[in-house]
Amino acid sequence: MLKRVEREGVPLALTRRAGSGRPLLIVPGVMADAAAWQPVVDALDVAGPVYVLNRRGREPSGALGRDYSMRTEIDDLDRVLEEVVVAEGAERGVDLFGWSFGGLVALEAAARRTGTVHSLTLYEPVVRPFGRGALDALREAAEADDLDRAVEIVNRDVSGFSEQYVARLRQSAAWEVLRPLAAPLARELTALDEHPADLRAFGSLDLPVTLLLGGENEGVPPYGDVFAEIASALPRAVVVTMPGQGHLAHAQDPAGLAHHIGRAVDRAGRRDADVCLS
């Protein structure tokens, strides 16, 4: 089921899986949309409704807009959270999940809406200077409207995949799916690079936080080093390593990722029960 929220005249589309209970809202990162996360949604064993946000730049949501920044993304999510609470009668809050770029958006929004966000689960969130070295090449590709080049750059120069991996990807059906998702990429990573996230301030978040790390990325740039920095800033978070996974578990092992998200939501629910009993 497709839902629509507007902020300042810009449509923000979400998918919704029906359920009864506290809602879960998923915020994808770059090079992904709600459709890419549907296999995870299908595998999730949670009782409440599950929403996935199509961030700006992904149809049927609106364009990034002239003054686009990370603040745009955070304000969008703030508005979406508000609407989800109203739609679901979610007085007990919303469980929020964010992946990669979407993880930082979710973290910033959770810090602003501590009365709305019940729990926060982040899968390898990123902060600057992630992706900085590829920005010039991405901007050149954007100016030339060369989506193939942009897909290549994000896989080779940002994520660090091999030339052979990219060659196989180019021959697969996934390449045509990735091309339109690369259109906003240069501006998204520029916004990330210009955003001064105050990691130390996030340490005071008073809500259950789970940090998910692909085992293949532990201690390894470009994701493992950023993860370690964020984990250090959130000392009360539960850190879960997913063996055999990298940064793309939503595509490579959606059922496994859904299991870890479900466990994080369950932990938050059990903490509520423990508080009530104490």
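The analysis underlying the following values was restricted to heavy atoms, covering all of them including side chains, and did not include hydrogens, waters or symmetry mates. The residues of the chain are indexed from 1 along the displayed sequence.
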Undergrad: Side chains of Phe101 and Arg55, heavy atoms from C-beta outward: is any pair under 4.5 Å?
TA: yes
Undergrad: Where do Arg128 and Asp193 land on the salt bridge (Lys or Arg N to Asp or Glu O under 4.0 Å) test, with the steps shown first?
TA: CA-CA 5 Å; Arg128 70 179 188 183; Asp193 196 58; over 6 Å; no
Undergrad: More than 12 heavy atoms of other residues, nucleotides or ligands under 6.0 Å from CZ of Arg113: is that the case?
TA: yes
Undergrad: Scan side-chain atoms only and decide if Glu73 and Tyr68 contain a donor-acceptor pair under the 3.5 Å cut-off.
TA: yes
Undergrad: Which pair of non-hydrogen atoms, one from Ala186 and one from Ala142, has the smallest distance, and what is that distance?
TA: CB-CB, 4.2 Å
Undergrad: In terms of ring plane angle, is the pair Tyr223 and His247 parallel, tilted or perpendicular, where the classes change at 30° and 60°?
TA: parallel
Undergrad: In terms of relative ring orientation, are His250 and Trp99 parallel, tilted or perpendicular, with 30° and 60° separating the classes?
TA: tilted
Undergrad: Using a cut-off of 6.0 Å, state whether more than 12 heavy atoms not belonging to Glu59 lie near its atom CD.
TA: no
Undergrad: Determine the minimum heavy-atom distance between Arg236 and Gly203, stating which atoms define it.
TA: NH2-O, 3.2 Å
Undergrad: Can you find a pair of side-chain heavy atoms, one from Asn54 and one from Leu12, that are under 4.5 Å apart?
TA: no
Undergrad: Would you confirm whether Arg17, through its side chain, and Leu44, through its main-chain N or O, come within 3.5 Å as a donor-acceptor pair?
TA: yes
Undergrad: Give a yes or no on this: more than 12 heavy atoms of other residues, nucleotides or ligands lie within 6.0 Å of atom CD of Glu218.
TA: no
Undergrad: Side-chain heavy atoms nearer than 4.5 Å, only ILVMFWY residues, links allowed to pass through others: does that put Tyr165 and Val220 together?
TA: no
Undergrad: If you take all heavy atoms of Ala13 and Leu2, which pair is closest and at what distance?
TA: CB-CD1, 4.2 Å
Undergrad: Please determine whether the number of non-hydrogen atoms from other residues, nucleotides or ligands lying under 6.0 Å from atom CG of Asp45 exceeds 12.
TA: no
Undergrad: Do the side chain of Arg170 and the main chain of Trp175 share a donor and acceptor less than 3.5 angstrom apart?
TA: no
Undergrad: Can you confirm whether the side chains of Arg267 and Ser119 place a donor and an acceptor under 3.5 Å from each other?
TA: no
Undergrad: If you measure from CE on Met242 to CG on Asn217, what distance do you get to the nearest 0.5 Å?
TA: 9.0 Å
Undergrad: Which heavy atom of Val158 sits nearest a heavy atom of Ala134, and at what distance?
TA: CG2-CB, 3.6 Å
